[in-house]
Amino acid sequence: MAIVEAPRPLVIPEPVLPASGPMGVFKRPTKTTGWRSWATTIDHKKIGKMYGFMSIVFFIIGGCEALLIRTQLATPNGTLLSAQVYNEMFTMHGTTMIFLVVMPLGVAFMNYFVPLQIGARDVAFPRLNAFGFWTFLAGGIILNSSWILGGAPDNGWYNYAPNSLVTFAPTHGIDFWTVGLLTTGIASLVTAINMITTIINMRAPGMTWFKVPVFTWMSLVGQFMLLFAIPVLTAAQFMLLFDRRFGANYFEVSQGADPLLWQHLFWIFGHPEVYIMIMPAFGLTSDIIPVFSRKPLFGYKVMVISGIAIGFLGWGVWAHHMFTSGMGPVSNAAFAVGSMTIAIPTGVKIFNWMGTMWRGQIRFTTAMLFAVGMFTMFMLGGVSGITHAISPADTQQHDTYYVVAHFHYVLFGGAALVFFGAFYYWWPKIFGHMLNENLGKWNFWLMMAGFNLTFGPQHILGLQGMPRRVYTYLPGYGWELWNMVSTIGSYILAFSVLIFIINVVYSRRKAHAAGQYTCDPDPWDGRTLEWITTSPPPEFDFWEIPDVRDLDEAWHRKYAEDENGRVVRVAKIEDVMDKPTGVIPHMPSPSYWPLVAAFGMLFIGYGIIFSLALCAVGGFLLFVSLVAWGIEPSTEPGVHPVEPLTPDSGESGVAHEIHEVGANV
Amino acid sequence: MSDQTIPNYQHVADGGDAAVEHGASDRTYVMVALFLAVMTAFEVATSYTKKALGPFEDLVLLTLMAIKFVCVALYFMHLKYDQALCKRVFFFGVVVASLVYCGMLATFHYWAPHFR
Amino acid sequence: MSDVALGHDLHAESHHDYPGLSPDTSTGISHSKLGMWIFLASDCLLFGAFISAYLMYNGRAQRGPTPSDVINIPFTSTSTFVLLMSSLTMVLAVSAAHRGEERRTRLWLIATAILGASFIAGQVYEFTTMYREGLGYTTNIFGSSFFSLTGFHGVHVTVGIILLLILVSMSFRGRLPKAKAEVVEVIGLYWHFVDVVWIVIFTVVYLIHK
Amino acid sequence: MIDRSPRRGQGRSTAKRNRALGFGVVVASIAMFASGCVPNAKQDSLNPKSHYAQTIYNLIVPVFILGGIISLIVLGGTMYFSVRYRAKGDLSDDENIPEPVHGNAIMELTWTIIPSLIILVIGGATVITIFKLDKQPPPQNPHIEVIGQQWWWEFRYDLSTTSTESARKYNDIVTANDMVIPAGEDISLRMNSRDVLHGWWVPELQGKRDVVPGRTTMFNVAADKPGTYYGQCTVICGLSHANMRFTVVALSKADYAKWVEHQKQKATVPTSGLAKEGAALFRSQCGMCHDIRGIVTAAPPASSPLVSGAAPDLTHLMTRATFASGTFDLRVNTPRCVAKGLNYADDPTCINSAELRAWIHDPTDMLPMAAGESELKANKVRGMPNLNVSPSGLDQLVAFLETLK
């Protein structure tokens, strides 16, 4: 797809200062178009788009793995995949979907919309942001390259020791897993630090904590959990890596090690991880439902507080993943009761979403459908979650398809559905044109049908005793029917994703043909700050940092109560939106170093697996780029990607603010 | 290190003055360091009592450790003088780590006298 | 909740290069400092995992040497003292930087780096001694968990020394003016954190479980 | 230029069609769920056959019902709101903006407190059940050690009546894949693993329990009535995880006593024919890993090529209904042979010699295992390797194995 540049009006050049070459070797990058602009960008919106794009690529990869798994299981004694390849498939499917799809998709939306929602111009550490993205990509590449470099990991996404040790997993598969996740872990950590700092420190004037949009709030909670969860995973991964590569004894049973150490460390990370994935989804649902109900979120404060409560409680329940490990009755009882308490704040959220719809004026756009689909499906997953918290019952459900059904209801029904909703909701803001609503509705209903057909029957399969992670099963256990239904469902699900992709391409072509590169800044009658800037927003987000007076600031600028207490529209969005001031805000300049540093990480990663010489190369790259990064100023005078625009050219002042619209997807 | 998006410099002068005020005097720092050194000496001495204190030895050592920890955090790391937010963020991490890992060790019956 | 965000406006005329000092943030804490605190909070969990793994494992070794065979308290007490004093020199450097005394800042920074390097040298000596006494990384479960834990701490100290050296070189080139004192302070935070972690390791690894 | 189509809504017909489609899907799904129970499920966790499984069942079924009610309330409420409060007329209508309700303290308290109370009740019942299920059976009851390894189960019986666990040797009877227990008695299980994690699960009798290498935990199981109950490994344990099945065979007390007496006997070396040659071949080829009490004792684990250091004890092979960890029938699966129970080997036609022969011929062809050339060379065999036995040798071995009644 061609990159589109609208004709620019008269440019008033700034006084040009000589561009200093960092390290005296490279000139500071200045491109605003073409692949170089993406490689060196530190703009949170471009990085958000790249996160989104890569997540979808990985989503397709992980989805194909899922289809292969389901095809293998469609009938008893399936022979499509060998046991080894099947084990690699489900391991990579789980790892990909969690670490390379749901998490980064949340980060994609956070990257793009958190600064917009809090009225900031970028994140706190833009270059760190770029580094986070490239490092994430490096981790994804390391993980997925295992397929062609000697075998993928084959021990499930939680990779229990000691089956992950060299004795039992002699190929490099587990090393790829360990190193890949350490790399994405670094990306997650820097992103968490960045996002937390941004949200705490860069809220627009007047935006007190209880005026922060719920998506931003939930992102903050989720990123705080990530901040504390990732180091635990990192530590566990290092232990495993040391065991495998350097002969340490952390999980070597013959040396007196206890394999439960891995399980504890993994789930201390892994349980908060569940909330890390679902938190942005909670936030999105809480943002979308009020918009399309034309009502404020029911119980905003309770929603925020329950989110924080889930964030706290999420730290005390990890061992409910280990009820069958023989921890003893006291531990089981404590963690069972602890886990149940999470149902309370979660239930509050669901009822508050219903409360928001109550007496509203509901418009069922695709985004709204997905949001409603999210909380109903998530509720079903939550209910089956309660049955897991009952630890005696969990001994009948653990490691069966019932659990598989449960977490797909939570992660696909919860997180993925509303992420699709968010695409429909925010697409006009990001790309300046709508996604087609007709195709969208097909997308939604087929996805709901496919999703429920795939994962609904798995509840039954699990309760009828089908364990998970079996590459095949014998006839005569009563599992044939539901496995077949589930497989058919998975193809419907895949088809619905295909419709989404068709919709993206179709809508883009249509907008392109119509020459439409910008659209209504506020197509949904939105409530939060991102809707008062243009669609797509200018590089610096806002000409003027908005002055926030209310929760749902955008809405309150448009509506007020009359003397009878009825809500009436008092202004059009055009009147209250952010307008060009004629003064171009200075934004930080692009930089090569985050990309180079991430390349260093990539080399170090492969080096740990294959040869320490590669590590040296990677270490050198990393060191050089970090030093150069430290030396170069964040804003290079005279090197500025945004060419000044005159405020008074064109009627609205937005028509010409087009950089490469939609060049990403 | 200075990777802020938008450095805003309109209060440079004020900020400079504020920076001078913040923190304690060098004398205080030296006193704190001396105190820490004495505490360390106590610790080492305690560990040489050969369990004369019985089960309380560990308790004494952990208490001394906590005192040192807090001293460094409050004085050297300026938490005493800085905004409460810094204190909250850091100690939140410390508390989460302590609770979670103590809980984990508890599931291994680590705190039971017959562990191992 | 200090939510009064000061004028958040950006001005095109921000051509002076004074990053780091008194930025206008919602909280009044600069991004770097807040970011560092957030990172340190997160790092607690990393060390916590290694410490608790050590606590679990140090007595479960199937063969020797055991902690009491190799741990040398007088020696480690000395290095502990050295690291503690490096915190003092660091805080004096920060204090001098805030007063704008560049030369003194530099001296204290160099002193801190030297003390840190002596600590690392001590650790290297300690490790080689232990190795000669028969405790390798792969020898037993105590060795693995001990070397991993103290090694991770050593890596943190080494990174800190590199950061200090960068500060020193910046200072020599006149790039650490009073306005940039916060850079010193933020790196100081990291340094003190490393010290604080050692306070914990020294007590639970060396003194309690020797 | 500005696309406002979503505000204006869809064409009526499309919307209707979509709604009809959605409704159809929902109804179809519910109908399929309602018909969910399949009668021939032989590993069904909702079909309790012991008081342990029954206790769990009694705990979970009310929760299922409660969960169903909550689900219906939420789904029904959401559907009702969706229809009732759907925007009418022109969607850019600014006249009828809903009242901005920001919340309702009483309602929110209600849906905080009621779930809390429910959780309190469920939590209490859970804790009581946990401790109830954990009670150890009396010392005179059978004590069995369950050992998981790649990829089969070993069951070792201790017939002493000592009440100190550490005094038990678990050496009186050693068997594999079929765990024989007396019906109506609580059995104490000692759970162990020789290599990696495995999960022991017989859904109709008891919930699952992982076996953790380096850790010994106590568990218990029972079967109310005689019968065969199916189980399977539940923790991913490598290539043949899916094939790590086993059965629990509950016998009446009298039958169990007979079985015990029979199992305690040692095997005797056949004195003539193919079987005699087979015994010699077994000693040289198979005796490195497999025990047959009275005939051959496996080499100590140190020199064993097996990673876990053990292979099934074959002393009374022909009293087991399956082999290769429950994957293949050893007893021919006809009603006549099945009716003979574990004594089927009395009738040679009831022995599934063909698959047994194929298995010895090339086990890695029958099940995925890590037992190829490279693993043999590295002394890291997991599963049974192909020993390249000649066809005549195969006949001898099978003939010998068939004598192990």
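Numbered from 1 within each chain, the chains take letters A, B, ... in sequence-line order. Because the structure is predicted, anything quoted here is derived from the model rather than measured.
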Do any N or O atoms from the side chain of [X] and from the backbone of [Y] form a donor-acceptor pair under 3.5 angstrom?
X        : Y        : result
D:Lys208 : A:Thr324 : no
D:Ser45  : A:Leu463 : yes
A:Gln361 : D:Pro98  : no
D:Arg382 : A:Phe168 : yes

Measuring heavy-atom distances to chain A, does [X] have an atom under 4.5 Å in its side chain, in its backbone, in both, or in neither?
X        : answer
D:Ile236 : both
D:Trp111 : both
D:Tyr230 : side chain
D:Gln150 : side chain
D:Arg84  : neither
D:Val101 : both
D:Phe64  : side chain
D:Glu99  : both

- [ ] Specify which of A:Met322, A:Gln397, A:Glu561 makes the most heavy-atom pairs with chain D at under 4.5 Å.
- [x] A:Gln397
Task: Donor-acceptor pair between D:Asp44 and A:Tyr477 side chains, under 3.5 angstrom - done: no
Task: Residues A:Trp479 and D:Gln43: side-chain donor-acceptor under 3.5 angstrom - done: no
TODO: Rounded to the nearest 0.5 Å, what's the gap from CG on D:Leu239 to OG on A:Ser82? Could you check?
DONE: 8.0 Å
- [ ] For each of D:Ile60, D:Val74, D:Val63, tally heavy-atom pairs with chain A at distances under 4.5 Å, and name the one with the top tally.
- [x] D:Val74
